Asks: 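The structure that follows is given in the form of structure tokens.
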Number of protein chains: 4
Amino acid sequence: MLTQPTDRPISTTVVEVRSYELDSFGHANHAVYLNWLEYARFEALARAGFPYGRITDRGWGIYVVRIEVDYVREARLGGRLLVRTWAEGYRRTSMLLAQQIVFFSDPALEVARARVTAVWVGADRRPMRVPPEIRRALGGEAGPP
Amino acid sequence: MLTQPTDRPISTTVVEVRSYELDSFGHANHAVYLNWLEYARFEALARAGFPYGRITDRGWGIYVVRIEVDYVREARLGGRLLVRTWAEGYRRTSMLLAQQIVFFSDPALEVARARVTAVWVGADRRPMRVPPEIRRALGGEAGPP
Amino acid sequence: MLTQPTDRPISTTVVEVRSYELDSFGHANHAVYLNWLEYARFEALARAGFPYGRITDRGWGIYVVRIEVDYVREARLGGRLLVRTWAEGYRRTSMLLAQQIVFFSDPALEVARARVTAVWVGADRRPMRVPPEIRRALGGEAGPP
Amino acid sequence: MLTQPTDRPISTTVVEVRSYELDSFGHANHAVYLNWLEYARFEALARAGFPYGRITDRGWGIYVVRIEVDYVREARLGGRLLVRTWAEGYRRTSMLLAQQIVFFSDPALEVARARVTAVWVGADRRPMRVPPEIRRALGGEAGPP
């Protein structure tokens, strides 16, 4: 179970498992979790002052370069899930985000946990510095809690 | 760059980047790689004597419990990719597979590499032993090369 | 613009356009609308007394056999959409549902409209009668308004 | 069963039903057919001299404004499908394409048929004339066979 830090904001997003996200084993396919995690990351960025439109209008991109996901419990149809997102650290052009999915109705039960490294890419398609506003808003300079 | 082992079979699968797999950054979305990797794993299992139908007919499942992916290069529309899949090791009820995506036309260029842990689940929805035929066919008992 | 009937229930579902649903043209890909429509149909069925689990537990299925969609306006990231679903008629083993997507903040603007024919399939994989409870709950025996 | 015209080219594309395209009913979800159809349309356009890159490099778009699909047979895992695409007619800024999916191993059996209307959109995001080269290459000015 991931430990949430107490010294930086934690963005929370609710998703519901939908019928078309199930695979033939009757649970959400593991690739679908990456969709939920991406959705939650863009919500976290929007709350930090960088809504998606502000990013794409400038021709910027945010490219995932590494992802680790541990799938702990099955997510079944109709289940409501809570996705928590926070910053775990930065390099010059990339940020490391931690994410945790729990059951909405029982947030002590972890469904999945993830660590995602994403690079900020400028309009010239080259890595750019992580905007200082992002670092200030998300916190987490000190690294993992 | 992942090193391919020489003491066990390497299953190869070709995929082409399709228009609907692109995101608004114009490249294949990172979640789509998990679809390709899954497709390639089921091809590897089929070649090892376990086509998907043989698995689901028995009520079995193969659940991914952990995935790590490093995204090294962008995959753009129309690109043909080669996915290589091999076994890296086993525990009683799970297998660890290594996967590598390279450009079909330039297989020395790595597009992504992944390690995927998957649990075999029986008709009773409990973990079951990895079938010995799978271990024999995929090899890799000794662990990473 | 579809006219909503006044003699039968209209089920409403809210969806938000998510980043991974965009294609390289920067708007929701047309196939994604089918996901939203499916999600809204299962909500409508659940409200009519047939949650998905009650359907699949019996080994039943609901198979789409025909879909018509008119795409009227683009759905862009972050947009909140309202999906309306109602019954338009029945045959012995199938139902015809009408669906309309509008902007949540401006429900007079139609984003898309659809007509979906779906067959009820029994545990023996053969078409079965539409459950009378569904007809009673959804109404619409009389056909289009 | 759609009748194929004999006076214009028919573009054919092969797809294989993949594990992640199945839904909990064990067959390809109906929304997935739209992905296959889109893939086949872009192949048809590429063969007509308009590869996707040539379209997007100019800032153009091709937006689906209407789709009709009849689902005739289930597509199950591992099934190889043949998608046929041809032009059925044009208006000034849009084209109407007919598409048919059949089993690769038994092309007399129809899996689905579709009619898709798509508008060409210029760099200014306004409808533009369908390029004359497209009309010449795809044919079908005369309408349905």
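Every chain is numbered from 1, with letters handed out A, B, ... down the list of sequences. Here the structure is a predicted model, which means the values were calculated and not measured.
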Asks: Using a heavy-atom distance cut-off of less than 4.5 Å, which residues of residues 57-64 of chain A contact chain B?
Replies: W60(A), G61(A), I62(A), Y63(A), V64(A)

Asks: Need one label for N29(A): side chain, backbone, both or neither, based on atoms under 4.5 Å from any heavy atom in chain B.
Replies: side chain

Asks: Looking only at heavy atoms and a cut-off of under 4.5 Å, which of V32(A), V65(A), T56(A) has the most pairs with chain B?
Replies: V65(A)

Asks: Only pairs of heavy atoms separated by less than 4.5 Å count here; which of A31(B), A112(B), A114(B) has the most with chain A?
Replies: A31(B)

Asks: If you look at every heavy atom in L138(B) and P9(B), which pair is closest and at what distance?
Replies: O-CD, 3.5 Å

Asks: Can you tell me if CZ on R129(A) sees more than 12 non-hydrogen neighbours from other groups inside 6.0 Å?
Replies: no

Asks: For F50(B), does the six-membered ring have the charged nitrogen or CZ of R54(B) within the cation-pi criterion, i.e. under 6.0 angstrom from the centroid and within 45° of the normal?
Replies: yes

Asks: Taking R18(A)'s backbone N and O only, do any of them form a donor-acceptor pair with E21(A)'s side chain (distance below 3.5 Å, no angle check)?
Replies: yes

Asks: Run the ring-centre check on Y39(B) versus W36(B) and record whether the distance is less than 6.0 Å.
Replies: no

Asks: Using the side chain to side chain donor-acceptor pair (under 3.5 Å) criterion, which residues pair with R113(B)? Sequence neighbours excluded.
Replies: E110(B)

Asks: Would R115(B) and L96(B) satisfy side-chain contact (heavy atoms from CB on, under 4.5 Å), going step by step from the backbone distance to the final call?
Replies: CA-CA 7 Å; R115(B) 298 173 81 225; L96(B) 173 59; 3.3 Å; yes

